[in-house]
**Q** 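Below you will find the structure I want to go over with you.
Count residues from 1 along the sequence. When a ligand or atom number is given, it counts from 1 through the structure's own listing order.
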Amino acid sequence: MNGAESLLRTLVDGGIELCIANPGTSEMHFVAALDRVPGMRAVLGLQENVVTGAADGYGRMLDRPAATLLHLGPGLANGLANLHNAKRAFTPIVNVIGDHATTHRHLDAPLTSDVEAVAAPFSHWVRTATSSRSVGRDAADAIAAARSHPGQIASLILPADASWNEPGLPVKAIAIADAPMPPDESILEIARRLASGEPATILMSGMALRQEALDLAAAIAGSTGAKLLTNTFYGRLERGGDRAEIGRLPYFTEQAVEAVAEAINLVLVHTPAPVGFFAYPDKPSVISNPNTRIHVLAEPGEDAVGALRALAEALDIRGTQKGASASQAPRPDRPTGELNPLTLAAAIGSTLRENTIVVDESTTAGAFLLNATVSAPCHDWLCVTGGAIGMGMPVATGAALACPDRRVLNVESDGSAMYTIQALWTQARESLDVTTVILSNRSYAILNLELVRTGAAPSKEAEQLFNLAQPDLDFVSLAKGMGVPGVRVEDAESLVRSLEASYDDPGPLLIEVVL
Ligand SMILES: Cc1ncc(C[n+]2csc(CCOP(=O)(O)OP(=O)(O)O)c2C)c(N)n1
């Protein structure tokens with residue numbers, strides 16, 4: 001057995017069943033070994049930011065890592081933006097990054113670079129394998145790092161000779177410890193603060209946005225009068241149906257400041273204290289009121305459900321009633337007429353089906369989506385966690401690979417779509433049930449807003465740089481060229497019909513919504 005095979009066997013033994021890959025010459029022995037190792041599915045992504053984004057979507061849905069296969073420093077560099085989003089989502093991923101053979105590195109051949117240095121800012125764990133004998137151990141350590149709490153990015157650099165040399169020695173999976181509980185004293189202190197009746201907000205993200213944690217938090221909020229909010233962007237929120245409703249901290253600084261202004265106590269669960277997404281000359285960077293006391297109920301690596309249960313017990317709240325905190329708002333009616341952000345949201349809200357996974361990279365045109373879907377049947381909501389656009393189509397692809405029995409609805413603004421549009425090809429090749437709704441406003445619309453908000457002067461150049469018309473992008477043709485059927489809709493009735501048709505028919509479909 002060579003090093004590559006031992007690496008693959010170790011990955012499979014560690015529960016990694018999917019390798020999303022964009023390989024090159026230095027990864028040939030890894031690719032060849034795939035045939036000899038049952039249990040590993042390999043899926044091709046046509047650019048590395050598709051690969052890393054798909055691994056993010058997969059990990060967010062299953063809470064366990066996929067592997068990526070990337071080609072030296074440049075291949076990794078292409079995938080960094082979505083690795084950044086994955087890191088911000090606490091998604092577990094094991095990157096396998098091929099590199100030149102150890103005997104070749106000193107020659108500075110064209111593809112040579114400092115791969116560790118490229119990986120480091122976007123990884124929690126980085127190691128370069130040194131021999132075929134130790135690569136199995138390295139892989140087991142990488143899996144353990146990725147699966148530790150909260151999920152982590154582990155990057156294992158694989159010199160070609162560590163791959164092709166023999167012997168390779170597979171290593172058994174390392175047991176992962178449960179997430180630790182936060183200290184009792186801090187839970188009791190938070191219970192005292194919440195019981196005092198002082199205005200409080202509980203701000204949540206990470207694993208606190210899963211149903212059990214949400215139900216506990218809603219019971220705590222209901223009994224103490226605290227307000228419940230998610231941070232603005234999160235990896236995955238379980239919502240709809242009988243799940244507890246939770247508001248969202250707004251994106252714009254002044255609205256976010258307003259949302260938490262009254263809190264005397266701000267309780268954080270799996271999220272840092274909120275800060276402005278950007279700095280502006282005349283706006284604060286810190287969102288919370290300077291008089292607010294900030295309490296950490298559970299750090300991202302700690303047990304959020306356990307902490308919320310302990311807090312509920314300390315407050316003498318016994319049990320949660322299923323559905324008690326679910327939204328009572330009516331679902332929107334099927335819209336008719338002109339397509340705009342409101343009718344778009346109503347079309348999605350009125351048709352969304354049970355168990356759909358929504359990947360939201362809708363930017364400005366999606367402003368009403370969360371409200372319009374709050375009373376839809378149970379579904380999951382995935383956001384751009386790190387602000388690096390171009391995540392939606394890859395993450396949707398990975399979520400569909402993770403959950404083949406669920407429909408993925410990717411609501412995707414047109415500018416963001418163009419970063420990683422080749423994800424559609426993987427969706428077609430793997431027959432994935434992904435409905436992509438392109439919000440075609442032919443603009444980087446948010447940048448027009450931000451130009452004004454930063455106080456920069458509007459200019460002709462800016463107008464030109466934020467405008468995606470001339471030529472108009474033809475998304476239906478782009479999709480067709482990658483094997484995905486597409487339809488362009490120009491009124492709300494057609495959008496509703498196309499959404500329902502896509503939910504009924506297996507495989508991917510792209511719907512271009514002309515706004
Ligand atoms: C990787 C990356 N590059 C550039 C940006 C800057 N940026 C933020 S939003 C945006 C345009 C978004 O346009 P679109 O997706 O069409 O949404 P719209 O604003 O029109 O709703 C750009 C270029 C970014 N956030 N991330």
**Q** For the residue pair N49 / T420, report whether a side-chain donor-acceptor contact shorter than 3.5 Å exists.
**A** no
**Q** Give me the nearest non-hydrogen protein atom to atom 3 (N) of ligand 1 as residue plus atom name, then the distance to 0.1 Å.
**A** Y419 OH, 3.5 Å
**Q** With a 6.0 Å cut-off (strictly less than), is the heavy-atom count around CG of D333, excluding the residue itself, greater than 12?
**A** no
**Q** Hey, are E463 and K460 close enough for a salt bridge, meaning a charged N less than 4.0 Å from a carboxylate O?
**A** no
**Q** Looking only at non-hydrogen atoms, which of V384, I389, L439 approaches atom 10 (C) of ligand 1 most closely?
**A** I389
**Q** Just how far is it from atom CG of L342 to atom CG of L369, taken to the nearest 0.5 Å?
**A** 10.5 Å
**Q** Checking a contact table here: which protein heavy atom is nearest atom 13 (O) of ligand 1, and how many Å away?
**A** Y444 CD2, 3.3 Å
**Q** Assess whether atom CD of E262 is packed by more than 12 heavy atoms of other residues, nucleotides or ligands within 6.0 Å.
**A** no
**Q** Which residue owns the protein heavy atom closest to atom 21 (O) of ligand 1, what's the atom, and how far is it?
**A** T364 OG1, 2.5 Å
**Q** If you count the atoms of ligand 1 from 1 in the order shown, which ones are under 4.0 Å from a heavy atom of G387?
**A** 24 (C), 25 (N), 26 (N)
**Q** With a sphere of 6.0 Å drawn around NZ of K283, does it hold more than 12 non-hydrogen atoms of other residues, nucleotides or ligands?
**A** yes
**Q** Is a side-chain donor-acceptor pair under 3.5 Å present for S327 with R239?
**A** no
**Q** Could you list all the ring-ring contact (aromatic ring centres under 6.0 Å, His included) pairs where at least one residue sits in residues 417-452, not counting sequence neighbours?
**A** none
**Q** Which protein non-hydrogen atom lies closest to atom 14 (P) of ligand 1, naming both residue and atom, and how far is it?
**A** S413 OG, 3.5 Å
**Q** Using distance alone, decide if ligand 1 has a nitrogen or oxygen within less than 3.5 Å of any nitrogen or oxygen in A388.
**A** no
**Q** Near S416, which atoms of ligand 1 are under 4.0 Å from a heavy atom of that residue?
**A** 14 (P), 15 (O)
**Q** Can you list the ligand 1 atoms lying under 4.0 Å from a non-hydrogen atom of T363?
**A** 15 (O), 17 (O), 18 (P), 19 (O), 21 (O)
**Q** Specify the protein heavy atom at minimum distance from atom 8 (C) of ligand 1: its residue, its atom name, and the distance to 0.1 Å.
**A** L447 CD2, 4.1 Å
**Q** Below 4.0 angstrom, counting only protein heavy atoms, does anything approach atom 6 (C) of ligand 1?
**A** no
**Q** Atom 19 (O) of ligand 1: which protein heavy atom is closest, and how many Å away?
**A** I446 N, 2.8 Å
**Q** Hydrogens and angles aside, do N441 and S443 bring a side-chain donor and acceptor to less than 3.5 Å of each other?
**A** no
**Q** At the 4.0 Å heavy-atom cut-off, does F466 count as touching ligand 1?
**A** no
**Q** Return all side-chain donor-acceptor pairs below 3.5 angstrom for residues 391-411, not counting sequence neighbours, or 'none' if the list is empty.
**A**
from: T397; atom 1: OG1; to: M393; atom 2: O; distance (Å): 2.7
from: T397; atom 1: OG1; to: Q427; atom 2: NE2; distance (Å): 3.0
from: R406; atom 1: NE; to: N355; atom 2: O; distance (Å): 2.7
from: R406; atom 1: NH2; to: N355; atom 2: O; distance (Å): 3.1
from: R407; atom 1: NH1; to: T435; atom 2: OG1; distance (Å): 3.0
from: R407; atom 1: NH1; to: G507; atom 2: O; distance (Å): 3.2
from: R407; atom 1: NH2; to: S502; atom 2: O; distance (Å): 2.9
from: R407; atom 1: NH2; to: D505; atom 2: O; distance (Å): 2.7
from: R407; atom 1: NH2; to: G507; atom 2: O; distance (Å): 3.2
from: N410; atom 1: ND2; to: V359; atom 2: O; distance (Å): 3.3
from: N410; atom 1: ND2; to: E412; atom 2: OE1; distance (Å): 3.0

**Q** Run D56 and R88 through salt bridge (Lys or Arg N to Asp or Glu O under 4.0 Å) and show every step you take.
**A** CA-CA 10 Å; D56 184 14; R88 292 277 167 177; over 6 Å; no
**Q** Should you measure from each heavy atom of D414, which atoms of ligand 1 turn up under 4.0 Å away?
**A** 16 (O)
**Q** Where does S443 meet ligand 1, judged by heavy-atom distances below 4.0 Å: at the side chain, the backbone, both, or neither?
**A** backbone
**Q** Give the atom numbers and elements of ligand 1 that come within less than 4.0 Å of a heavy atom of G415.
**A** 14 (P), 15 (O), 16 (O)
**Q** Within a distance under 4.0 Å of any heavy atom of A445, pick out the atoms of ligand 1 and give their elements.
**A** 18 (P), 19 (O), 20 (O)
